[in-house]
Amino acid sequence: MALDAKAKETALRQFTTGLYVVGSKGHGDAINGMTANWVAQVSFHPPLVAVAVEQDAHTCRLIDEGRVFSVNVIRADEAAEDIVGKFVKPARRAGNKLEDEEFTTGETGAPLLARALSWVECRVVAQHQTGDHILYVGEVVGADVNREGEPLVLAQLGWHYGG
Ligand SMILES: Cc1cc2nc3c(=O)[nH]c(=O)nc-3n(C[C@H](O)[C@H](O)[C@H](O)COP(=O)(O)O)c2cc1C
């Protein structure tokens with residue numbers, strides 16, 4: 001039976017996810033942040049997190065260079081849309097998205113946003129080309145809880161990336 005394209009799109013858009021800012025660090029001072037929802041924990045021991053990144057995203061280039069990434073969990077408050085709206089812009093057009101953003105760096109050098117609820121930092125242990133994205137699997141080597149609150153859920157914004 002042929003794939004029902006509309007049903008496939010609807011069902012995939014009904015997958016419930018959060019919405020995060022994936023931080024990356026390449027060679028030298030090169031850093032970036034990218035809004036992403038294709039993020040998941042994929043192992044307890046060791047703790048592994050996977051993120052799928054578009055092949056032409058600047059983030060892909062930086063993760064290939066630095067072999068690290070961070071996942072910033074965004075707090076579901078009035079600033080949430082501003083944060084994810086900022087990091088959804090491609091670096092090739094927006095330039096340095098972190099220029100006016102407060103952040104620290106930890107174990108890996110990938111940016112950890114001051115406005116995030118919490119974060120994990122990962123070192124890439126595997127990667128695989130999955131169609132038009134690269135799936136990076138990272139071992140969690142650092143984590144912190146920065147604020148109190150609830151994590152942002154994609155559906156709260158009425159945005160989608162999937163289908
Ligand atoms: C709701 C939403 C979720 C997104 N999730 C992802 C994702 O999981 N992976 C991805 O590669 N891009 C995702 N994007 C698109 C990137 O944020 C966008 O292509 C960004 O410009 C890439 O930034 P960069 O080129 O600076 O790395 C998403 C966009 C939106 C609106």
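Whatever order the structure lists ligands and atoms in, that order sets their numbers, starting from 1.
- Less than 4.0 angstrom separates some heavy atom of Lys97 from each of these atoms of ligand 1: 23 (O), 24 (P), 26 (O).
- In terms of protein heavy-atom proximity, atom 9 (N) of ligand 1 is nearest to Ala52 O, 2.9 Å.
- Using a cut-off of 4.0 Å between Lys/Arg side-chain N and Asp/Glu carboxylate O, Glu9 and Arg13 are scored as salt-bridged.
- In terms of N/O distances under 3.5 Å, ligand 1 is approached by Trp38.
- Any N or O atom pair closer than 3.5 Å counts here, and Pro90 shares at least one such pair with ligand 1.
- Side-chain N or O atoms of Arg75 include one that pairs as donor or acceptor with a backbone N or O of Glu148 at under 3.5 Å.
- Remark: ligand 1 atoms within the under-4.0 Å shell around heavy atoms of His58 are 24 (P), 25 (O), 26 (O), 27 (O).
- Rounding to the nearest 0.5 Å gives a distance of 11.5 Å between CG of Asn72 and OH of Tyr20.
- Applying the 4.0 Å criterion to heavy atoms of Ala36 picks out, from ligand 1, the atoms 4 (C), 5 (N), 6 (C), 7 (C), 8 (O).
- Here the options are Leu98, Thr104, Asn146, the test is side-chain contact (heavy atoms from CB on, under 4.5 Å), and the partner is Leu113; only Leu98 passes.
- Contact record, Ile63 with Ser24: CG1-CB, 3.9 Å, taken as the closest heavy-atom pair.
- The backbone N or O of Val84 sits less than 3.5 Å from a side-chain atom of Thr35, completing a donor-acceptor pair.
- Of all protein heavy atoms, the one closest to atom 22 (C) of ligand 1 is Met34 CG, 3.5 Å.
- In terms of heavy atoms, Ala57 sits closest to Met34 at CB-SD, 4.3 Å.
- Heavy atoms of Asn32 found under 4.0 angstrom from ligand 1 belong exclusively to the side chain.
- Nearest protein neighbour of atom 17 (O) of ligand 1, counting heavy atoms only, is Thr35 O, 2.8 Å.
- Of all protein heavy atoms, the one closest to atom 27 (O) of ligand 1 is Thr59 OG1, 2.6 Å.
- Counting heavy atoms under 4.0 Å from ligand 1, residue Ser24 does not touch it at all.
- Of the candidates Val39, Val21, Val88, Val22, the one placing a heavy atom closest to atom 30 (C) of ligand 1 is Val88.
- With hydrogens and angles disregarded, no donor-acceptor distance shorter than 3.5 Å links the side chain of Lys25 to the backbone of Phe69.
- The shortest N/O to N/O separation between Trp159 and ligand 1 does not fall below 3.5 Å.
- Across all their heavy atoms, Val21 and Ile74 have their closest contact at CG2-CD1, 3.8 Å.
- In summary, the atoms of ligand 1 found under 4.0 Å from a heavy atom of Glu54, numbered by their order in the structure, are 10 (C), 11 (O), 12 (N), 15 (C), 19 (O).
- Checking only distances, Arg92 never comes within under 3.5 Å of ligand 1, N or O to N or O.
- Residue-level proximity to ligand 1 for Leu154 is carried by the side chain, the only part with a heavy atom below 4.0 angstrom.
- Each of the following atoms of ligand 1 lies closer than 4.0 Å to a heavy atom of Ala91: 24 (P), 25 (O), 26 (O).
- Annotation for ligand 1: atoms under 4.0 Å from non-hydrogen atoms of Ala57 are 25 (O), 27 (O).
- A side-chain donor-acceptor contact under 3.5 Å links Asp77 to the backbone of Ala79.
- For atom 6 (C) of ligand 1, the closest heavy atom belonging to the protein is Tyr161 CE2, 3.2 Å.
- Within the 3.5 Å criterion, the main-chain N or O of Gly138 finds no donor-acceptor partner in the side chain of Gln127.
- A donor-acceptor contact shorter than 3.5 Å links the side chain of Ser70 to the backbone of Pro111.
- Polar contact check, Val53 against ligand 1: no nitrogen or oxygen pair lies under 3.5 Å apart.
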